[in-house]
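Just so we're clear, the structure is a prediction, and the values are computed from it rather than from any experiment.
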Amino acid sequence: MTPEKKRNEAGLPDGGWGWMIVASCFLVTICTRAVTRCISIFFVEFQMHFGHDYARTAWIHSLVDCNTMLFAPLGSLVGNKLSCRIAVISGGFLASAGLVTSSFATSLEYLYLTLGVLTGVGFALCYTPAITMVGTYFCKRKALAYGIAMSGSGIGTFLLAPAAQLLIERYSWRGALLIAGGFVANLCVCGALLRPVAPNGGLTTTAASADSEDASEVRQGCDPCSWLRGERGFLLRPRFVVLAASFVLLATGCSLPFVYLVPYALDVGVSYQQAALLMSILGVIDIVGNLTFGWLTDRRCLRQHRGMCYMLAVALEGLCCLVAPLLQSFGLLVPFAVLYGYFDGAYVTLIPVVTSDVVGPSHLSSALGVVYFLHAFPYLFSPPVGGVFGLWSLGFRIGTMWSGRVRKGSVCSGSVYKGSMWVAECIKAVCAVAVCIKAVCGVAQCV
């Protein structure tokens, strides 16, 4: 009898309290990833209030994303050494405090610290431990469970984008951030639901892992090579190295549309409400991608080909970026939001699933910490760099695609978005090649 069947008969994974874990992770992704996406709704408000250019304002979104991923290993460490419950509750407190103090901002530098650093670190303490907990409760229906949990990002974007716009119009951006801080405090409630699995005589997963780590440290001593061969042995696996490289390239390009979609839509004449609706459409279709790819890759015929499904989603998302700079009306931007949102939801669902397939469930927590850490610096630099590339290409774009169509003051934002999207497409093309190499390595290993 396989270990998976034994665990299923024991009633630990694939049901029971595991669905409450999925619900908690679902709410965590709403309060972290969806709120991060909706920061782009504040983009124009910050720019108008503080009087800075796109590149400097984009650092706010970049810092939130960067710190969420940069401190992902810290979330894994706290979850492994203490508990996922403690990690998420403490992270919820930090993130809420960051948003509340951001409502009193007097400069962009103030927002860099409170919204970018404090809130970002809080999100990091919540995100990785919550995702890891789902993997400890599910085996056969792991991809579906992750699809449901990760769909919180899309559902949250769909609901929060218009809500954020209404709050800004009614209470200004300061009041909207204050209310967002109270909303994000619900992460503390989500953390309280994260009850660890108790597979061995009442020992929780956290306690058991801590005992095993202590024992391994005694056996391995201070030899770094023994440490790498043991608990962190997955870092030396060729398949994980190639997969990690693809994540770095993907992260460099995937955040640009979320940062520049609203400013670009406003630039081509779309109303503010319609621009926010584009983010909502992107979010709700993201849900469909989460659920359908999660369900499909759990099928027996596709379970062994999850890496190829991940590669397909990334490649098609890149094609969406390729045509995006040609879309200059709300009617044309809607199909972009639909397609990009679908494939974005697809690959986001498969990140923890493919990682688990490569390193195994026992190393999932540490591996996810490394994977999300690798997203940090691309998330930090890609939006500002995309803005620089867009402004650099302003000269010849004015004379071609933008001649006589928009006002002089609005050309900058459109060019920023267009240049960013072309950069994103090039990066995603390289990422697809890297994933192809991973798939070939996997086939060669099987042979």
When you measure from the side chain of [X] to the backbone N and O of [Y], does any donor-acceptor pair fall under 3.5 Å?
| X | Y | answer |
| --- | --- | --- |
| Asn67 | Thr119 | no |
| Ser96 | Gly181 | yes |
| Tyr146 | Gly135 | yes |
| Thr349 | Gly345 | yes |

Salt bridge (charged side-chain N to carboxylate O under 4.0 Å, His left out) partners of Arg33, counting only residues at least two apart:
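Result, salt bridge (charged side-chain N to carboxylate O under 4.0 Å, His left out) vs Arg33: Asp65.
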Partners passing salt bridge (charged side-chain N to carboxylate O under 4.0 Å, His left out) against Glu109 (at least two apart in sequence or in another chain)
Arg56
Under 4.5 Å between any side-chain heavy atoms of Pro162 and Leu277, yes or no?
no
Enumerate the residue pairs fulfilling ring pair (Phe, Tyr, Trp, His ring centres under 6.0 Å) with a member in residues 116-135, sequence neighbours excluded, ordered by first and then second residue.
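Applying ring pair (Phe, Tyr, Trp, His ring centres under 6.0 Å) to every pair that reaches into residues 116-135, excluding sequence neighbours, yields Tyr127-Tyr372.
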Could you note down all residue pairs passing salt bridge (charged side-chain N to carboxylate O under 4.0 Å, His left out) where [range] supplies at least one of them, sequence neighbours left out?
| range | value |
| --- | --- |
| residues 271-287 | Arg37-Asp286 |
| residues 120-135 | none |
| residues 120-130 | none |

Sequence neighbours excluded, which residues qualify as side chain to side chain contact (heavy atoms under 4.5 Å, CB included) partners of [X]?
| X | value |
| --- | --- |
| Leu144 | Ile148, Trp295, Asp298 |
| Thr114 | Thr101, Ser102, Tyr110, Leu111 |
| Cys126 | Val28, Thr32, Val88, Leu187 |
| Ile168 | Ile41, Phe42, Glu45, Ala176 |

Walk me through whether Trp59 and Tyr112 qualify under ring-ring contact (aromatic ring centres under 6.0 Å, His included).
CA-CA 7 Å; Trp59 279 104; Tyr112 293 162; 7.3 Å; no
According to side chain to side chain donor-acceptor pair (under 3.5 Å), who are the partners of Thr36, at least two apart in sequence or on a separate chain?
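Not a single residue meets the side chain to side chain donor-acceptor pair (under 3.5 Å) criterion with Thr36.
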With sequence neighbours excluded, what pairs up with Thr292 under the side chain to side chain donor-acceptor pair (under 3.5 Å) test?
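In terms of side chain to side chain donor-acceptor pair (under 3.5 Å), with neighbours along the sequence ignored, Thr292 is linked to Tyr342.
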